Amino acid sequence: MRVPEQDATGSAPRVVSSFLERRREQIAQRWADAPLFRSVFTVSRDEAVEACKAVVDSLSDVAVSGRLEDITAPGFLPVRDQLGRMTQTRTLSGSTPSQIADEVAGLRVPAVELLREEFPDATAAQAQESVLALTLLLGTLRLVVMETALDANAELIERQRQQLLEVATPVIKLWEGTVAVPLIGTLDSARSQVVMESLLEAIVDQRARYAILDITGVPTVDSLVAQHLMKTVAAARLMGAECIVSGIRPAIAQTIVQLGIDLGTVLTRASLADALAYTLGQQGIEVSRADASASAR
Amino acid sequence: MMRASGQASATSLPIGSDADLAWVRQEVRRCAAQLGFGLVQQTKLVTAASELARNTLVHGGGGRAEITPLDEGRGRGLKMCFVDSGPGIRDLELAMTDGYTSGGGLGLGLSGAKRLVHEFAVDTEPGRGTTVTAVAWVAQVPSSRAGAG
Amino acid sequence: MNLPTPGQPPQVPVLALGDVLLVSLQGELHDGMAEQLQHDITSRIAASRVTGVVIDISGVDIVDSFLGRVLAEIASTARLLAARTVLAGMRPAVAITLVELGLTLPGLVTALDVDRALELLSQRGT
């Protein structure tokens, strides 16, 4: 009795592989209706079926190689891209990696049902070995998908962080030759780099003589933030523009003094309006009320 | 992450005259552009290379620059090594200080170049020579480490 | 690209616009050329009645500490000879790099471009 039993154990992956090959069409038809595929391939069911077949083929290759529990098995390579795109679509529509992994787990039941039909006696050792092998294989697939989902998630977060950086630093033309950046939120190294670059580009584009950095929306100014501000001011000066830091709230002014931060020769103003008034004054532009000037004449 | 860690074609350039410095700058520019570094990062890299190559020429009595494109798990980057067999640096800490100079420069060579890259290492021994290694990674934004310098 | 021939470094052209010298730096600048330029400008200021020097670096890809020192020295020397120097047209990437390098050139007057530089010299020159 020993010999066939051992044989059965060793052949289970091969049984699964040949089952996957033979029943490729039926498995694909059932999987195409599973949430994982249905929710990604919304336009055409045929596409879903094709995608399912690719996954079945891949699993069959992995089973033949005997590396049922190896997520780095070369058999997975052909579908990694496809799985990546699928998880990306699910991620973008708000699914978490674990939700996606649950959807992959949902593929097990229809596949195992089909596999059981292969055996007249479902309780036979070979049947049980094969079901176990298929379950292991699908468990590995779940890990592969989870891995790609986590990657896609990290990429998405990085991309959103980038977009946020750019969105959060608009450079505004306040007047002919005067540009301003209203800074909102924490000014870290990455932010200050983006601010510096967009401000200097704006100075060139607008042929600006004055650049205003408004820090009304910056919650705290520590020595690092001050350093970033001074670097930006210095870079603007090298381009031939005068830089003014505005929006220094009383609490922040106090912190700056208490921390002993030396803002050096940086020109500061209490508010953005004060800073604009300064730049206008420097250019010899006077702003006055229309009726006032009319009555004065 | 299936990228192979590549030590793809390192370029070695001699540093023996100020015309050689120009070659080093151009090679670094070419490599950095090819690797996809943005304009600001390219400028920082070329400037760092210029500072370090001049150090090799002026203080090390000449040597060579090795420029290697990197492609590793964490992304693409550029490694620059500046090697001389000159007198070495006796007090490295002092040499890394802003404003310190033993030549005719502004004393920003080593400390300044360090601020322009992500990784920086100096290997020196009096009488044996100096090797300065600088690495920068292609990034949309510099690493948060930059603020510490 | 012009490689220097030994013994005779290529020169940077120095243009005279009235009493202002206009120097336009382009592309790769060898250390020898920069030092030659420093010498040329100084002798031109001394020889004629120059009140201002405009150094246009809009065509320069990088400014390292060596070129930075040369530019600062040109300005200091010119000042001793009663001429004012304006550095014009620095590119954004160059400005960011210089600041990161620790070189803010505090003694230098800067302008967005040559027009602005000339405007600056004429404003306070009279």
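Order of the sequence lines fixes the chain letters, A, B, ..., with proteins taken first and strands second; residue numbering starts at 1 for each chain. Please read these numbers as outputs of a predicted model, since none were measured by experiment.
- A donor-acceptor pair under 3.5 Å is formed between the side chain of C:R116 and the backbone N or O of A:R207.
- Sparse packing is recorded around CD of A:E176, with 12 or fewer heavy atoms of other residues, nucleotides or ligands lying under 6.0 Å away.
- With a 4.5 Å cut-off on side-chain heavy atoms, C:I96 and A:Q193 count as touching.
- Nearest heavy atoms, C:A95 versus A:A235: CB-O, 3.7 Å.
- Nearest heavy atom pair, residue C:T110 against residue A:G240, reads OG1-CA, 3.4 Å.
- Counting heavy-atom pairs closer than 4.5 Å to chain C, the top residue among A:R237, A:E197, A:M196 is A:R237.
- With sequence neighbours left out, C:R79 forms a side-chain hydrogen bond (donor to acceptor under 3.5 Å, both in side chains) with no residue at all.
- Residue C:L87: no heavy atom, backbone or side chain, is found under 4.5 Å from chain A.
- A pairwise comparison of heavy atoms in C:P92 and A:V204 identifies CG-CG2, 3.8 Å as the closest pair.
- Proximity to chain C is absent for every atom of A:A236, based on heavy atoms less than 4.5 angstrom apart.
- The residue among A:I203, A:L199, A:L238 with the most heavy atom pairs within less than 4.5 Å of chain C is A:L238.
- Within the model, atoms CG of C:L98 and NZ of A:K231 stand 13.0 Å from one another, a figure rounded to the nearest 0.5 Å.
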